[in-house]
Amino acid sequence: MSIVRVALPLPLPQVFDYLAPDATAADVGRCVTVPFGRGERNGLILALGAAADIEPARLKTVRHIQREVPPLPADWLELVDFVARYYHAPIGEVVALALPPGLRRADGVSGEDEDPLLQIAAAGREALCGARRASKALALLQGLAAAGEGPWRRSVVRALEGGEAVGELLRRGWIRVAERVADRVAPRHAAGAQPEPTPEQTQALEAILGAGPGFKPWLVHGVTGSGKTEVYLRLAAHLLAQGRQVLMLVPEIALTPQLERRVAQRFAAAHVVSLHSALADGARSRGFVQALAGEADIVLGTRLAVFAPLPRLGLILVDEEHDASYKQQEGVRYSARDLAVWRARQRGVPVVLGSATPSLETWYHARSERYALQTLNQRALAATLPAVRCIDTRRLRLDEGLSPALQAALGERLARGEQSLVFLNRRGYAPVLSCPSCGWVSRCPHCSANLVVHLADRRLRCHHCGCDGPIPSACPSCGDQDIRPFGRGTQRVEARLAELFPQARVLRVDRDAARTRRQWESVLATIAEGGADILVGTQMMAKGHDFPNLTLVGVIGADAALHAADFRAPERLFQQLMQVGGRAGRGALAGTVLIQTEYPAHPLYQQLARHDFDAFARMALQERRSAGFPPFTHQAMLRADAPALDAAVDFLRHARRLAEECAPEGLRLYDPVPMRLTRLARRERAQLLIEADQRGVLQGFLAGWVALLYRQRTARELRWQLDVDPLEV
DNA sequence: AGCACGCCGACT
DNA sequence: GTCGGCGTGCTC
């Protein structure tokens with residue numbers, strides 16, 4: 001009679017032992033259904049137990065072991081265990097987060113391939129010869145025949161001209177699903193069209209591949225447009241040819257479809273699996289199992305893909321490694337980028353982090369030679385980097401935030417038939433509605449934030465909790481009718497631009513205008529077809545899209561980030577401006593970036609104008625060093641929230657007293673303070689910062705402290721969570 | 001997290 | 001006399 005140790009999805013820092021009459025070592029890593037309390041739960045067998053830590057009489061028996069799916073391998077269990085220990089999260093919650101929800105249900109997953117290999121069938125060849133009347137299906141078939149022998153992934157066929165007819169082709173029997181094994185061996189990694197690499201790309205490739213197998217972290221620092229993706233794809237091709245799997249992480253789903261298409265076309269016959277949270281349960285489970293079974297060649301996905309089991313793993317790629325979306329901001333607050341490096345070390349494979357504006361943490365590692373650095377300075381497509389200039393707005397009268405110089409520049413592009421982008425990181429019409437006579441402001445009833453004026457749908461909306469209401473016609477406090485929106489957001493700038501340039505087509509691109517993926521794609525299509533002259537956009541516009549006809553980027557309202565209390569604000573500003581500036585002039589046309597500022601001499605803007613990331617990073621790291629901020633120190637944040645602020649602060653004071661008793665030498669404990677956005681969705685929040693210069697000191701302390709915290713009995717309404725390596729302090 | 005058990009207010 | 005409030009404690 002065996003005992004199995006089972007991780008269950010509960011916020012408890014423990015595992016549960018069960019009797020399992022027929023369990024063997026081969027069942028470690030398998031999903032199980034177990035009786036729990038008066039119900040049933042699904043969990044994962046982490047290990048076989050020699051003896052239970054409770055009296056044997058209290059042990060219950062496992063209901064069902066899921067044996068249709070291969071067990072999760074030891075290295076995967078090790079990864080999950082590391083995450084639980086490093087982020088001090090309950091192992092069961094980590095497992096729940098890492099496994100696709102469908103898989104945990106232990107009722108089996110269909111192994112059917114949603115993206116099968118297709119080839120032309122005998123009936124299809126007949127159809128090609130016979131004189132048939134033209135149809136969409138025939139056109140697609142002819143297109144395929146012209147493309148060669150195949151086989152092709154279904155997703156590749158779909159992406160072709162007229163690809164919607166792929167289902168019709170299958171129904172008519174003109175194409176068929178290729179036999180798996182036999183067909184896949186030879187043409188499996190046949191690569192699609194490959195552009196010639198630039199000398200810099202070649203150098204990076206030779207360096208990375210020349211280093212051979214084995215763990216080695218790389219930073220590829222490449223300016224926007226220098227062709228980092230081409231480097232990733234060639235590295236991937238190399239590893240695929242050796243029969244290895246490649247894990248490729250990307251920031252968010254907005255960019256995923258394009259990259260997916262590019263990867264699918266490049267590796268037409270390779271098995272590409274994409275994993276992200278927008279995927280339906282079935283598809284996500286299927287992709288996960290294909291990775292686990294070693295069938296997937298490339299796993300492409302957002303942060304959760306770092307948990308894909310990969311038996312033949314040969315390389316990990318992290319695109320835009322500085323992107324904040326790699327850090328989960330709720331529940332288990334893991335950093336997929338950091339875990340990618342840990343996994344690469346664990347598996348003994350290279351890991352490549354890529355960015356035009358690396359995070360200062362990564363940059364510091366590269367400077368101190370813990371990561372090897374490869375630099376791509378040349379733009380692969382356009383001749384030059386955009387010219388960046390500041391517009392000094394100190395003595396200017398701005399028209400809805402727009403300086404005369406920016407207006408003139410916009411007018412010029414318009415006359416030349418080129419596109420412009422006005423970048424403003426604030427959506428809505430105005431950030432607040434206010435009454436000048438009594439001082440009333442539109443406060444959110446649930447948060448310590450103002451309600452934002454959305455004139456487009458005539459609502460006041462909280463950008464933090466999402467609550468909204470109609471715009472009042474008079475001041476709710478004193479009845480004065482003269483209430484006014486103050487400040488400006490994208491909608492207001494959009495409206496003013498439409499007045500200033502009545503002949504221009506002004507298009508707003510923010511989360512309100514592109515809420516769904518479908519809307520977003522239609523916006524992109526409009527821009528690509530030249531259906532817009534002036535774009536007004538938030539940071540959504542900053543990320544990796546090519547707009548060949550865009551030659552001017554105007555930045556307004558950037559100065560706010562210079563004064564922000566968050567020590568990471570300048571880093572984010574620099575990254576954002578560099579990224580958004582990279583949108584200008586990617587085609588044959590040269591680009592210009594105009595930054596409106598009251599601090600034209602500020603070093604950050606000067607470094608930006610020289611495209612000098614090194615200088616910026618040097619300065620920023622120097623500031624971090626002297627102020628004692630990461631990466632020169634290591635932080636953890638304990639956060640608490642409750643309906644009343646006192647309850648949250650009192651808990652943190654208590655936690656601090658507990659910490660003082662077990663604090664090692666070199667640990668710094670700060671005072672509990674209310675968070676910047678103290679009230680969020682009717683809950684008051686406070687936080688307690690803990691710091692140490694040595695990661696080991698911090699980690700050693702946290703382990704004991706968190707165990708103590710779990711033992712505290714706290715009021716039901718109080719919740720707390722720990723954030724290791726927090727991004728927001 | 002659920003879901004029990006457990007002692008005190010306004011109701012058929 | 002009960003229905004039900006959510007405080008406290010447990011789940012292998």
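Not measured: the values here are computed from a predicted model. Sequence lines set the chain letters: A, B, ... in the order given, protein chains first and strands last, and positions in each chain run from 1.
What separates CG of A:D17 from P of C:dC12 is a distance of 11 Å, to the nearest Å. Distance, A:D53 CG to C:dC12 C1': 8 Å, rounded to whole Å. One can place CD of A:E40 at 18 Å from P of C:dT11, the figure rounded to the nearest angstrom. Rounded to whole Å, the distance from CD on A:E717 to P on C:dT8 is 10 Å. In this structure, the CZ atom of A:F36 is 10 Å from the C1' atom of B:dC3, given to the nearest Å. Distance CZ (A:R716) to P (C:dC10): 12 Å, rounded to an integer number of Å. Rounded to an integer number of Å, the gap from A:K60 NZ to C:dC12 P is 4 Å. Between A:E55 atom CD and C:dT11 atom C1' the separation is 14 Å, expressed in whole Å.
Between A:R719 and A:R38, the one whose closest nucleotide on DNA chain B sits nearer the 5' end is A:R719.
Residue A:P35 is in sugar-phosphate contact alone, with no base atom involved, counting any heavy-atom pair closer than 4.0 Å across all strands shown. Using a 4.0 Å heavy-atom criterion, one finds that A:I54 contacts the bases of the nucleic acid, with or without backbone contacts as well. Counting any heavy atom pair closer than 4.0 Å across all strands shown, A:L8 reaches no nucleic acid atom.
We find that A:R284 and A:D281 are not joined by a salt bridge, their nearest charged nitrogen and carboxylate oxygen being 4.0 Å or further apart. The pair A:R67-A:D22 meets the salt-bridge criterion, with a side-chain N (NZ, NE, NH1 or NH2) lying under 4.0 Å from an Asp/Glu carboxylate O. Salt bridge annotation for A:R286-A:E295: absent, with no cationic side-chain nitrogen under 4.0 angstrom from a carboxylate oxygen.
Considering only side-chain N and O atoms, A:R41 lies nowhere under 4.0 angstrom from the phosphate OP1 or OP2 of C:dT11.
Using a 30° and 60° split on the angle between ring planes, A:F567 and A:F629 fall in the parallel class, below 30°.
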